[in-house]
Structure formats: structure tokens, C-alpha cells
Amino acid sequence: MMGFDTSAGWRHRLSLLTALDRKHAVAPPGFSRWLIPPAALSVHLCIGQVYATSVYKNSFIAHFHASQTAIGIIFSVAIVMLGLSAAAAGTWVEANGPRKAMFASACFWTTGFLVSALGIGTEQLWLVYLGYGVLGGIGLGIGYISPVSTLIKWFPDRPGLATGLAIMGFGGGALIASPASRQLLSLYDANYNSTVAGSVASGRALVLLFLTLGIAYFLIMMVGVVTVRVPAPGWRPAGWDPSTVAAKPLVTSAHVSAANAIRTRSFWLLWVVLFCNVTAGIGILEQASPMIQDFFRSDGVSSVSVAAAGGFVGVLSLFNMGGRFAWSSTSDLIGRRPMYMVYLGVGMLTYLLLALTGDLATPLFVMLAGVILSFYGGGFATVPAYLRDLFGTYQVGAIHGRLLTAWSAAGVAGPLIVNGFLDSQGKPGTLTSSAYQPALFTMVAVLAVGFVANLLIRPVPAHLHEPAGTQTPLEEAAA
Amino acid sequence: MNKVTVRLAISWLLVAVLLGYGIIQTVITAAKLFK
């Protein structure tokens, strides 16, 4: 009897795992493709929490008796792991489909929070590095790329809009996680007041916060796992003619494998484009709060309070999120290369204006920084559609994963450039707008490099295309 | 309402609630910038 029960139990578990397979995720007739963006958003809104780690940074420093750098490493490890896991797991995600990938992402992301909660409870910082940094970072990488390829296949007529919607969620994740974390910490620790500078939450409150976030994120991500479907082979939107897409400049109807894509000059030029766009944006994002205070400092006193600077960070998050959707959708209308010419070219002008006139008025400063951050977000959201244009849909998810290593590199380069210049200008709390000019002018040069790289992108040579009739992993599974 | 419509409504409602909460909270915080 026991043997029968065990066998039945295993069969049940196996059937649950099998349900995650790509072939079981093929959409039935009548399925609405507008279910896919919310499925993708349910993952991206959760993993976007990674941009909200500053909320509990001071509490971590106090709890672990650690330096700013030691705590900052948690975020850095997570971002590096994001890039590495996206690059390494891209082909696996492509072969196994979005449902299994989203499930794996949810497991890694949640386990990261649970292991970190253990690390906080036992005051073992290395467990937080392992949990949130390594395991959570793997969840980030797999989760980030998991819905992208599927969205592109469901929306061949509007790939920019579709990926913009999903990747907008990554920007929006911080908007949700920041206030939610503050409110949860206040709930779990009556002595914690997020509006008072220097107030820190207790270790118990941090443990409860991580447990709450881990469980909540798992449940929300499961909505995406249950909902997501891949289109049936040969499916196309009603009334859509594929020849209209292939007729546009720099858009191919051929397929290029991930292995061949990284052998092309265009892949590496696009890597440079993304690297430059992210480096420029991340420089402001990382420094946003002290930057606005420094720009409006005279006689050693800033006219912008700490609370107002926090509000500025929120405004930037809104621009970051809005740009992902608005600019990526616009790229469907004007084309991918012209869109990046705007990000990089207008971005250069905006950086120049920020450096030369940003200290004239707070609204002007906020508007210029907002435009820059909208281009930063737009660059992320438009790149999957650019890859689809250049390399086709065959392994676009895997290629996207490899391209995201540019993000990891920019995550190191951007803050290094800004902090390196600022360190040479004086001590934090004493800087003024002129101290930022060398860093901002450097960002103009970085954007100029990206602008030229974008102009040099060419269609992939025909000898690197897959043979005609090559099936995507989905079509092979369905066959 | 058929099953697809119900699923569409629930999925987008979840997204709207999450994003709506985030945007409202952020706007409340951001208002301090212009006080």
C-alpha cells in the first residue's frame, strides 16, 4: 500500500512538473494574447524589487554592524548574477519555454529571500550574499528574459509595445517595493519611522519583511506561471501580413542562432549601444538623491531637504517606468535605429543642458533628469525588439540573455565614473553643481560612442542565417 | 462573460492594483519635492 502511495505521489509530482513543459503551454484556440502582458508583468513587477534595496540599507548596516560597501555588495552581486544567469540560461529558457522559466525564476527569487531571512536572523551576512545576491540574482536573470521571447512571438506586429509593457514592470517593481517595504517595516517594528533620517528597523522586522516579500512574490509570480502560453505553430494575429515587417530597414525574416549571433559585428555594436545607454543612466540613478541636494547648495546649505530628495528619486522611477513603455512603443512606429538615435543623440544634449543649466531651477533639473531616465528605461525595453529585427525570433530570448552582460558591465562602469569624479571634487555634503560637470561631460562622450555604434549596425550576413524551414524550439516541441 | 474575458479582467486587475498602489505612493512622496 505504501509503495502504491509513494508511486502515486511521485506520479502526481511528475505530472505537476510536466505541466510546466513547453508543449503543455501551447495556447488553445480562442486564447487572448492580451493575457501575456499581465503574465509577464506579474514576474517583472516582483523582480523589479531589486531597485528598492536602498529602503532597508541603513537598517542592514546597523543590524550587521557593517560598512556601506559591505551592504552595497549585496545589490552588486545580484546585478552581476542577473547578467551572468541571463547569458548562461538564455538557451535553456528558449528550449523549455516561459512557464518552466518563470517557475524556476520564482523558486530562485523566493529562496533568495528565505535564505536572506535566515542570514538576517542569525546575523550571518554571507547568507544574505548567497541568498539575495546569488540565488535571488539567478531568479532575476531567468525572470527578466523568461517572457520576452514569448511576447515577441505573440506580438509580431507590435514587439516594441509588448516588450515595453513587460519591461516597464521591472521599473515599476521598485515603485511598489519601496513604499511596501517602508510600511511593512513600520508594521513589524513600532519604533521604526521611515520619515525620520537615521531611523533603523530591528533585525526581527527585517526577517519578517524578507519572509513576507518572499512569500508574496512567489504567489504573484505563480499568476504569471499559470497564465502564460506560447502561440501554436503558425499562429499569427488576425489581418497581420508578415511581409510588411520584413519590408522595413534592418528587419530580417530570417533566423539566426544565439551561437551565430555573438559572432556578428552587429551583436557587439548593439552590446556597446546598450552599455553606453545604461552607463549614462545608471550614473544619475545611483547618485540621484545626493545629486539634487548638491545642485542646489549654496554657502554649504542645500535648499532641497532629504525628504524632497527622496521624492525626486520617486519621480525618476516614474520616468524610468514610463519611458520603457512609451519609447519602446514609439519604436514600433519610427524603427529601432532611429529610436536609439533619439536615446543617445537627444540624451547627449540633455546631459549637456543638465551640466550647464541644471542648477538654474529645481523643475528644470527634475525635467532634464527625468528625460534622461526615460531614455535609460526606453533603451532596456526597446532592445529585445531590436534583436528580433536583426536576428529573427528563432533564439531571440537566448540572444537577449547574452546581451544583458552589457548591463552588468554598465552597472560597474556607471557608478565608477560618477563616484570617481566626485571623489576628486570634494567630500559628500560639500559638493555643488560644478563638481558634477566632469562626470556629466564624460557621460556625453559615452553616449557619443553609443551613437556611432548604433549607426554602424548592419543586417546579419546571409551565411549566418539558419537554413530555410528551420523550426523554433516551440515548433519542434509541437511537432 | 466568457472564461477568457474573466481571466483577462482578473489578470489586468492584479497589475492595475499593484502598479496603482506604487504610483499613488510615489506621487505622495514626490509631492514633497515641490512643497
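Naming convention: chains lettered A, B, ... in sequence-line order (proteins, then strands); numbering from 1 in each chain.
- Side-chain atoms of Met291(A) and Leu354(A), non-hydrogen and from C-beta on, do get closer than 4.5 Å to each other.
- The CG atom of Leu45(A) sits 4.5 Å away from the CD1 atom of Ile176(A) when rounded to the nearest 0.5 Å.
- Exactly one residue among Phe365(A), Phe296(A), Phe295(A) makes a ring-ring contact (aromatic ring centres under 6.0 Å, His included) with Phe312(A). That residue is Phe365(A).
- Between chain B and the options Ser42(A), Ser32(A), Pro179(A), the largest number of non-hydrogen pairs under 4.5 Å is found for Pro179(A).
- At a 4.5 Å heavy-atom cutoff, Ala174(A) makes no contact with chain B through either its backbone or its side chain.
- Contact count versus chain A (heavy atoms, under 4.5 Å) is highest, among Leu8(B), Leu14(B), Val4(B), for Leu8(B).
- When Thr227(A), Ile220(A), Val223(A) are compared by the number of non-hydrogen pairs under 4.5 Å with chain B, Thr227(A) comes out ahead.
- Rounding to the nearest 0.5 Å gives a distance of 11.0 Å between OH of Tyr144(A) and OG of Ser146(A).
- Of the residues Tyr188(A), Tyr217(A), Phe113(A), the one that meets the ring-ring contact (aromatic ring centres under 6.0 Å, His included) test with Phe210(A) is Phe113(A).
- Both the backbone and the side chain of Leu18(B) come within contact range of chain A, each with at least one heavy atom under 4.5 Å from a heavy atom of that chain.
- The candidate with the highest count of non-hydrogen atom pairs below 4.5 Å against chain B, out of Ala180(A), Gly172(A), Gly224(A), is Ala180(A).
- For chain B, the nearby part of Leu165(A) is the side chain; its heavy atoms alone come within less than 4.5 Å.
- A distance-only check finds no donor-acceptor pair linking the side chain of Ser328(A) to the backbone of Gly378(A) [under 3.5 Å].
- The parts of Leu35(A) that come within reach of chain B are both its backbone and its side chain, each placing non-hydrogen atoms under 4.5 angstrom from that chain.
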